[in-house]
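None of these values were measured; they are calculated from a predicted model.
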Amino acid sequence: MINRELIRTKVVQLTYAYYQNGSKNIETAEKELIFSLSKAYDLYNYMLALIVGITRESRRHLEVAESRAKREGTPMPSRKFADNRFALQLEENKMLLDFMETQKTTWNDEPEFLKKIYTQITECDIYKEYMDAKEDDYQTDRELWRKLYRTLIEQNESLDALLEEKSLYWNDDKEVVDTFVVKTIKRFEEKNGASQPLLPEYDSEEDKEYARKLFRATIMNADEYQHYMSEASQNWDFSRLAYMDIVIMQIAIAEMLSFPSIPVSVTINEFVELSKIYSTPRSASYINGMLDAIAHHLAETGRMLKSVRNEK
């Protein structure tokens with residue numbers, strides 16, 4: 001689940017913090033980087049567990065409604081949502097159960113939030129259309145939760161506030177984690193039962209090593225990389241750069257020089273996009289031009305062996 005896009009984001013955040021906090025302890029900073037990445041994976045599991053929490057909340061409401069119906073002699077309420085096949089499969093998922101056993105907090109600790117979001121669900125058109133529809137199969141059940149997640153969980157101010165209280169990292173991570181949760185929902189297959197695989201924390205050990213190597217190269221070669229910036233900035237006002245711009249370019253140079261298999265154009269595009277989030281409104285175009293000039297300079301001086309093509 002932890003991909004290179006997320007790793008680049010975390011390296012930008014932790015490199016900036018490394019220079020700001022003044023301690024300059026690279027071992028401690030590296031541990032913080034790996035920890036912050038692990039928290040993103042925790043959030044991925046926690047958001048999947050939210051679906052289970054809401055389903056259990058629906059059962060509590062259903063039990064009350066069934067008791068009332070028996071007492072009053074009225075028709076029994078539908079169990080369609082409470083018995084949603086996808087949600088029941090997720091509730092029994094071995095990987096998710098193993099993860100939740102390691103956690104000190106669960107959604108059971110947030111009864112008021114579960115009541116609130118369950119009410120929001122039952123009042124929305126997606127839920128009403130699902131309950132009224134004749135279709136009653138696994139695909140319909142799974143699609144319901146994809147729609148509910150995209151509509152009521154991705155953008156939810158109450159949820160954002162709750163997550164911010166639980167972890168300093170989670171609000172920064174939620175947008176990218178949401179994409180992986182939706183991807184996971186779409187990948188579920190009924191035939192896999194409780195053994196349906198969730199996304200692993202890292203696709204490979206190579207990605208985890210990529211995080212460590214990129215961060216270390218950025219910090220340990222800072223003077224050298226900033227020298228390259230100065231050499232290549234003859235047509236740019238290097239002195240007026242925002243500090244975050246320097247950090248972003250420093251990391252980009254580290255990636256250019258440390259990872260031969262990553263095309264230069266990919267590195268430039270990725271870090272230009274990050275500059276739109278973390279730096280000034282003018283930074284993106286400036287960094288794009290600077291990194292292109294730096295890449296050509298590194299190639300022309302023999303410091304970088306991979307080619308620089310106009311792929312952007």
Side-chain angles (χ1 to χ4, degrees), residues 43-101 103-166 170 174 178 181-182 184-186 188-194 196 198:
L43 180 59
Y44 163 74
N45 284 276
Y46 199 59
M47 297 312 297
L48 286 171
L50 176 58
I51 296 173
V52 175
I54 294 169
T55 301
R56 289 174 178 170
E57 179 68 19
S58 76
R59 285 189 212 134
R60 285 189 279 272
H61 284 263
L62 183 63
E63 288 172 5
V64 173
E66 286 178 338
S67 296
R68 184 185 302 114
K70 288 178 182 179
R71 187 171 61 250
E72 297 175 356
T74 55
M76 295 297 284
S78 171
R79 297 189 60 88
K80 189 174 183 180
F81 184 74
D83 291 342
N84 179 284
R85 297 168 183 85
F86 164 76
L88 294 180
Q89 182 187 9
L90 184 60
E91 185 174 15
E92 297 172 353
N93 185 269
K94 293 177 181 177
M95 288 181 68
L96 186 58
L97 286 172
D98 287 345
F99 169 81
M100 293 308 297
E101 284 181 3
Q103 302 303 297
K104 295 180 179 178
T105 60
T106 69
W107 287 105
N108 292 334
D109 302 322
E110 303 297 339
E112 293 305 315
F113 175 76
L114 289 177
K115 288 178 186 177
K116 182 176 182 179
I117 195 166
Y118 172 70
T119 300
Q120 290 175 335
I121 286 172
T122 58
E123 292 175 350
C124 78
D125 290 340
I126 295 170
Y127 172 86
K128 293 174 183 176
E129 290 169 5
Y130 167 78
M131 296 299 287
D132 292 341
K134 294 181 180 180
E135 292 83 5
D136 186 17
D137 53 39
Y138 179 83
Q139 287 73 23
T140 302
D141 286 357
R142 183 183 61 198
E143 179 63 10
L144 168 74
W145 271 108
R146 187 192 69 81
K147 289 179 179 178
L148 289 176
Y149 195 95
R150 294 295 306 271
T151 306
L152 296 177
I153 297 178
E154 281 193 11
Q155 302 294 330
N156 187 306
E157 291 183 1
S158 296
L159 176 58
D160 290 344
L162 186 151
L163 293 177
E164 188 172 10
E165 289 179 6
K166 290 185 175 295
W170 279 358
K174 188 171 181 294
D178 283 338
V181 172
V182 172
T184 298
I185 293 171
K186 291 166 67 175
F188 257 60
E189 295 184 29
E190 188 174 19
K191 64 181 181 181
N192 292 333
Q196 170 72 42
L198 304 182

Practice task
Determine whether the side chains of Tyr138 and Gln89 contain a donor N or O and an acceptor N or O closer than 3.5 Å.
Solution key: yes

Practice task
State whether a side-chain donor-acceptor pair under 3.5 Å links Thr184 with Tyr44.
Solution key: yes

Can you see which heavy atom on [X] is nearest to which on [Y], and at what distance?
{"X": "Cys124", "Y": "Leu152", "value": "SG-CD1, 4.0 Å"}
{"X": "Ile126", "Y": "Leu148", "value": "CG2-CD2, 4.0 Å"}
{"X": "Met47", "Y": "Ile153", "value": "CE-CG2, 3.6 Å"}
{"X": "Leu198", "Y": "Leu96", "value": "CD1-N, 3.8 Å"}
{"X": "Ile51", "Y": "Ala87", "value": "CG2-CB, 4.4 Å"}
{"X": "Leu163", "Y": "Trp170", "value": "CD2-CE3, 3.6 Å"}

Under 4.0 Å between a side-chain nitrogen and a carboxylate oxygen: does that hold for [X] and [Y]?
{"X": "Glu143", "Y": "Arg146", "value": "yes"}
{"X": "Glu91", "Y": "Arg59", "value": "yes"}
{"X": "Glu57", "Y": "Lys116", "value": "no"}
{"X": "Asp136", "Y": "Arg85", "value": "yes"}

Problem - Verdict with supporting geometry, Arg60 and Leu114, side chain to side chain contact (heavy atoms under 4.5 Å, CB included) - result: CA-CA 11 Å; Arg60 285 189 279 272; Leu114 289 177; 4.2 Å; yes

First locate atom [atom1] of [X], then atom [atom2] of [Y], and finally report the distance between them rounded to the nearest 0.5 Å.
{"X": "Asn108", "Y": "Met100", "atom1": "CG", "atom2": "CE", "result": "8.0 Å"}
{"X": "Leu144", "Y": "Thr140", "atom1": "CG", "atom2": "OG1", "result": "9.0 Å"}
{"X": "Gln139", "Y": "Glu189", "atom1": "CD", "atom2": "CD", "result": "9.5 Å"}
{"X": "Tyr130", "Y": "Ile121", "atom1": "OH", "atom2": "CD1", "result": "11.5 Å"}
{"X": "Thr122", "Y": "Met131", "atom1": "OG1", "atom2": "CE", "result": "10.0 Å"}
{"X": "Leu162", "Y": "Glu112", "atom1": "CG", "atom2": "CD", "result": "11.5 Å"}

Handout entry: Glu72 atom CD, over 12 foreign heavy atoms within 6.0 Å
Key = yes

Exercise for the section: May I ask you to check whether over 12 heavy atoms, not counting those of Lys128, lie within 6.0 Å of atom NZ? Expected result: yes

Keeping the roles fixed (side chain from [X], backbone from [Y]), state whether a donor-acceptor pair exists under 3.5 Å.
{"X": "Lys80", "Y": "Ala133", "answer": "yes"}
{"X": "Lys174", "Y": "Asp160", "answer": "no"}
{"X": "Asp98", "Y": "Met95", "answer": "no"}
{"X": "Trp107", "Y": "Tyr46", "answer": "yes"}
{"X": "Asn84", "Y": "Asp141", "answer": "yes"}

Could you check whether any side-chain heavy atom of [X] comes within less than 4.5 Å of a side-chain heavy atom of [Y], counting everything from C-beta outward?
{"X": "Lys115", "Y": "Gln120", "result": "no"}
{"X": "Tyr149", "Y": "Asp178", "result": "yes"}
{"X": "Tyr127", "Y": "Thr151", "result": "no"}
{"X": "Asn45", "Y": "Gln103", "result": "no"}
{"X": "Phe81", "Y": "Tyr118", "result": "yes"}

Problem - Residues in side chain to side chain contact (heavy atoms under 4.5 Å, CB included) contact with Ala69, at least two apart in sequence or another chain - result: Thr74, Met76, Pro77

Practice task
Give me the ring orientation class for Phe86 and Phe188: parallel if the planes are under 30° apart, tilted from 30 to 60°, perpendicular past 60°.
Solution key: perpendicular

Completion exercise
Here the salt bridge (Lys or Arg N to Asp or Glu O under 4.0 Å) pairs for residues 43-52, sequence neighbours left out, are none

Fill in the blank from the handout: Paired with Val64, the side chain to side chain contact (heavy atoms under 4.5 Å, CB included) test is passed by just one of His61, Glu66, Arg68, namely Arg68

Exercise for the section: Decide yes or no on side chain to side chain contact (heavy atoms under 4.5 Å, CB included) for Phe99 and Asn93, but give the supporting numbers first. Expected result: CA-CA 10 Å; Phe99 169 81; Asn93 185 269; over 6 Å; no

